[in-house]
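Below is one structure; the comments refer to it alone.
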4 protein chains.
Amino acid sequence: MITALAPSRKRSNSARRAILTAAFALLEEEGFERLSIEGVAARAGVGKTTIYRWWPTKGVMAVEAFLEAVTPVIAFRRSRSARADIVRQMKALAKLYRGHTGNLVCQMIGASQLDPAMRKAFTEGFLYPRRERAYAVFERGVAGGEFRADVDRDVAIDALYSPIYYRLLASGAPIDEAFLDRHIELVLRGLMA
Amino acid sequence: MITALAPSRKRSNSARRAILTAAFALLEEEGFERLSIEGVAARAGVGKTTIYRWWPTKGVMAVEAFLEAVTPVIAFRRSRSARADIVRQMKALAKLYRGHTGNLVCQMIGASQLDPAMRKAFTEGFLYPRRERAYAVFERGVAGGEFRADVDRDVAIDALYSPIYYRLLASGAPIDEAFLDRHIELVLRGLMA
Amino acid sequence: MITALAPSRKRSNSARRAILTAAFALLEEEGFERLSIEGVAARAGVGKTTIYRWWPTKGVMAVEAFLEAVTPVIAFRRSRSARADIVRQMKALAKLYRGHTGNLVCQMIGASQLDPAMRKAFTEGFLYPRRERAYAVFERGVAGGEFRADVDRDVAIDALYSPIYYRLLASGAPIDEAFLDRHIELVLRGLMA
Amino acid sequence: MITALAPSRKRSNSARRAILTAAFALLEEEGFERLSIEGVAARAGVGKTTIYRWWPTKGVMAVEAFLEAVTPVIAFRRSRSARADIVRQMKALAKLYRGHTGNLVCQMIGASQLDPAMRKAFTEGFLYPRRERAYAVFERGVAGGEFRADVDRDVAIDALYSPIYYRLLASGAPIDEAFLDRHIELVLRGLMA
DNA sequence: GACTAAGCGAGACGGTACGTCTTGTCTTCAC
DNA sequence: GTGAAGACAAGACGTACCGTCTCGCTTAGTC
């Protein structure tokens, strides 16, 4: 037996929790720009070294803190109509993004442009899992004859969801129900079988 | 008369030019993250005060530098078919964004999420003027009977262009001709009269 | 004749007054260290150029402001006894230096060590005129047979007054009546005929 | 027990040495006025923070640099005659002050007037230790019957030494042998038993 | 009475240094 | 033997002043 494994491992997990908690708190209070590894270390009661050991970048750390705190996904319901499920989910997502979370997502995607590792972490940790679920619903719709079979699922999902992000990140135009209704109507016209 | 405007030394145009030139050069060489007001001042042979006097933020300065250097717009041609003009322009835009400029736009929009003044400057200086031209072409299409008259122009333009920005900023998926063809086909199906 | 002297505007006396008043006010409120030409110009409602035109250094300006404001000399009385006149004057001077003015003199002499032009201005504008009066009294004492005739007046005056400045500038020891009595007694023992 | 002292990295002695060496070099080359913390940091190859961590003021740092470099005291000899020892030491001191060191002392005392912490550092680090030795010699003279027993040692030492500082800092009159002879003769006349 | 050159206020400019903040690395000591 | 505490070199931050430089406006004198 090799045994004698250090009791420090347990401690390192509590440090990890303390760090992510502190990071998320600071992210909310100060915003990503003013978030600093120094500040997180102080607030978490942790040495800076401990942070640098596990995260390459304040951005990656922030993404992880964000994911731990915000994870709750906007799930798709599973009714008879895939179309209805998508519409319902998009509206719930938009509602979420109109609030506090939208601001955080904004900052995450924004900061990601200046930090490749962060971008990878955010894309893989946040966007991809959610997109997988959208694929599933869309394909259910194709299988059920609701949607055309000749439309690429990436093209379809992008067409549906991109304007939410465009308005969030660029134009600043409102992402309200009226807009969503019109937008979805337009795209679904091209998507329906 | 009230007037009584204070006489004083005028703003130096040569300093302004030197600053924007240096800022753009550093933006290209180092990227926005490593761009610093200190660095710009040194390279431009200018006091830091002069920069702070005229720009509230390195972000706003960078936007102005970007606009002065990159302005050349992807113009719409004006053929018989508004549809063809839009397709052509979108492809040219995508080609531009696949290159060096796409990277810069990425950084501009990204950094804008962390700097409200920069976001305002970029939106008003870059996005809005280009969008105006897109409105015009779309409305030409409506007038000419090519496009449905009951689709809001903002909804239409967002549906067409958003995925380019989504792929640029978030998913990282390629913005190639194949994708554009499929995407445009999908949206235009819902847009055509 | 050479003549043909140019017609021109004369130096503005009101500007000079405004500058010296502002300088003295700031000297008192903030101290010499935090006194700045910029601050004086702003407070006096005067262009910086006007200050630079007439004073080579903030130190020289401060000395002039100090002299205009503080000039009142501690005069010697003229009684039968030169010794008594000197003692009386030294005590009055010490009292003055124990107060606010001592602090200003301190700062003037201190700053003078780092600014030769200021040192010249202070020495000639402040110290010399006062010393002349001390010479006069001392020589009256010599003439009247109170003081030895073989003591150099500079040696005598320095011996009497230096400790006041030493305590003011260096040791920080109190310059009170008890000290002065003992000190004067000691020096006069060597000075009396 | 209260203790609980924090474990941490120790102060770097090599950084301290580098800083004081650089500071003294710049003090000599440029003078106190042009001495800057920035300049010292650059020359010492040290971060500015390290200087600010350990010295409150450029003045205090300069005093410490001065003390480390100049410490060599003008020692009193210990002959039969305390008077002779004092005279000899005063002349050696005056010689020192007529040279380069006098200039430095001047600047130290001058700048001290504008920086209380520096003044404390200079007084306690430079003046007091030297004064202690003067006390000792004077008291030896009293014990040996050379000097009057009823003269306060502070009064005596001030009377002897102050004019050196007065001439150094204020009047600018020479501190030569001729002056010292006359001055010492005058004061000792009042001091001798 | 008009002309004209300097004085004047305002404040932009190229700079230097300030004192602070944060980065990423390193060292030390207590548990 | 790990990990908190924090010192360290580096370097950018945004501010305060420096001393110089335009700018128009004002104000003497002289012609």
Side-chain angles (χ1 to χ4, degrees), chain A residues 4 6-9 11-12 15 34-42 44-53 56-58, chain B residues 4-12 14-16 18 34-42 44-54 56-58, chain C residues 3-12 14-16 18 34-42 44-54 56-58, chain D residues 3-12 14-16 18 34-42 44-54 56-58:
Chain A
S8 55
R9 175 139 186 220
R11 206 167 188 179
S12 82
R34 305 190 51 189
L35 178 70
S36 71
I37 289 189
E38 198 123 313
V40 171
V46 141
K48 288 200 290 174
T49 325
T50 306
I51 299 181
Y52 283 112
R53 205 179 344 256
T57 279
K58 86 162 178 174
Chain B
L5 55 155
S8 172
R9 186 173 175 179
K10 291 275 174 64
R11 175 171 184 181
S12 155
S14 74
R16 179 178 174 276
R34 304 191 49 189
L35 177 69
S36 72
I37 290 191
E38 198 128 310
V40 171
V46 140
K48 285 201 286 174
T49 324
T50 304
I51 299 181
Y52 284 111
R53 212 186 329 265
W54 302 111
T57 278
K58 85 162 177 173
Chain C
T3 46
L5 53 153
S8 167
R9 188 176 175 176
K10 287 274 175 68
R11 173 171 184 182
S12 156
S14 75
R16 180 178 173 276
R34 305 191 48 189
L35 178 69
S36 71
I37 289 188
E38 199 125 311
V40 170
V46 140
K48 288 200 288 174
T49 325
T50 305
I51 299 182
Y52 283 110
R53 205 179 344 255
W54 303 111
T57 279
K58 86 161 178 174
Chain D
T3 43
L5 54 154
S8 170
R9 187 174 174 179
K10 288 275 174 66
R11 176 172 183 181
S12 155
S14 72
R16 180 178 174 275
R34 305 191 48 189
L35 177 69
S36 72
I37 289 190
E38 198 127 310
V40 171
V46 140
K48 286 200 287 174
T49 323
T50 303
I51 299 181
Y52 284 111
R53 207 181 339 259
W54 304 111
T57 278
K58 87 162 177 174

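Residue numbers begin at 1 in each chain, while the letters A, B, ... track the order of the sequences. Heavy atoms only: backbone and side chains are in, while hydrogens, waters and symmetry mates are out. Here the structure is a predicted model, which means the values were calculated and not measured.
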Note to self: Run the side-chain contact (heavy atoms from CB on, under 4.5 Å) test against Ala44(C) and tell me which residues pass, sequence neighbours left out.
What the structure shows: Ala18(C), Ile19(C), Ala22(C), Val46(C)

Check: Quick one: side-chain hydrogen bond (donor to acceptor under 3.5 Å, both in side chains) partners of Ser36(C), sequence neighbours excluded?
Finding: none

Note to self: Using whole Å, what does the distance between atom P of nucleotide dC8(F) and atom CZ of Arg11(D) come to?
What the structure shows: 7 Å

Notebook entry, point to check: What nucleotide, of dC8(F), dG14(E), dG7(E), holds the atom closest to the side chain of Thr50(B)?
Noted result: dG14(E)

Item checked: Whole angstrom value for the distance that separates C1' of dC18(F) from CG of Leu35(C) -> 13 Å

Next item on the list: Take the C1' atoms of the five end pairs on each side of the helix from dG1(E)-dC31(F) to dC31(E)-dG1(F), get both axes, and report the angle to 10 degrees.
Entry: 20°

Checklist line | Given DNA chain F, 5'-ward residue of the pair Ile37(C) and Arg16(D), judged by closest heavy atom | finding: Arg16(D)

Notebook entry, point to check: Considering all heavy atoms of both residues, which atom of Ala41(B) and which atom of Gly47(B) are nearest to each other, and what is their separation?
Noted result: CB-C, 4.3 Å

Notebook entry, point to check: Between dC13(E), dA12(F), dG19(F), which one does the side chain of Ser12(B) approach most closely?
Noted result: dC13(E)

Note to self: Using the salt bridge (charged side-chain N to carboxylate O under 4.0 Å, His left out) criterion, which residues pair with Arg11(C)? Sequence neighbours excluded.
What the structure shows: none

Next item on the list: For Gly39(C) and for Ala44(D), locate the closest nucleotide of DNA chain F by heavy-atom distance; then report the residue assigned to the nucleotide nearer the 5' terminus.
Entry: Ala44(D)

Next item on the list: Sequence neighbours left out, what passes salt bridge (charged side-chain N to carboxylate O under 4.0 Å, His left out) with Arg53(A)? Give chain and number order.
Entry: none

Output a table of nitrogen or oxygen pairs between the protein and nucleotides 21-24 of chain F separated by less than 3.5 Å.
| from | atom 1 | to | atom 2 | distance (Å) |
| --- | --- | --- | --- | --- |
| dC21(F) | O2 | Arg9(B) | NH1 | 3.0 |
| dC21(F) | N4 | Thr49(C) | OG1 | 3.0 |
| dG24(F) | OP1 | Lys10(B) | NZ | 3.4 |

Check: How do Arg34(D) and Gly45(C) order along DNA chain E: which one's closest nucleotide is nearer the 5' end?
Finding: Gly45(C)

Next item on the list: Look at Arg53(D) and dA7(F) and indicate whether a side-chain polar atom (N or O) is within less than 4.0 Å of OP1 or OP2.
Entry: yes

Next item on the list: Go through dA9(F), dG19(E), dC13(F) for me and flag the one nearest to the Ala15(D) side chain.
Entry: dA9(F)

Note to self: The side chain of Trp54(D) is closest to which nucleotide in this list: dC8(F), dA17(E), dG24(E)?
What the structure shows: dC8(F)

Next item on the list: Go through the structure and list residues passing side-chain hydrogen bond (donor to acceptor under 3.5 Å, both in side chains) with Ser12(B), not counting sequence neighbours.
Entry: Ser14(B)

Notebook entry, point to check: Can you name the salt bridge (charged side-chain N to carboxylate O under 4.0 Å, His left out) partners of Lys48(C), sequence neighbours left out?
Noted result: Glu38(C)

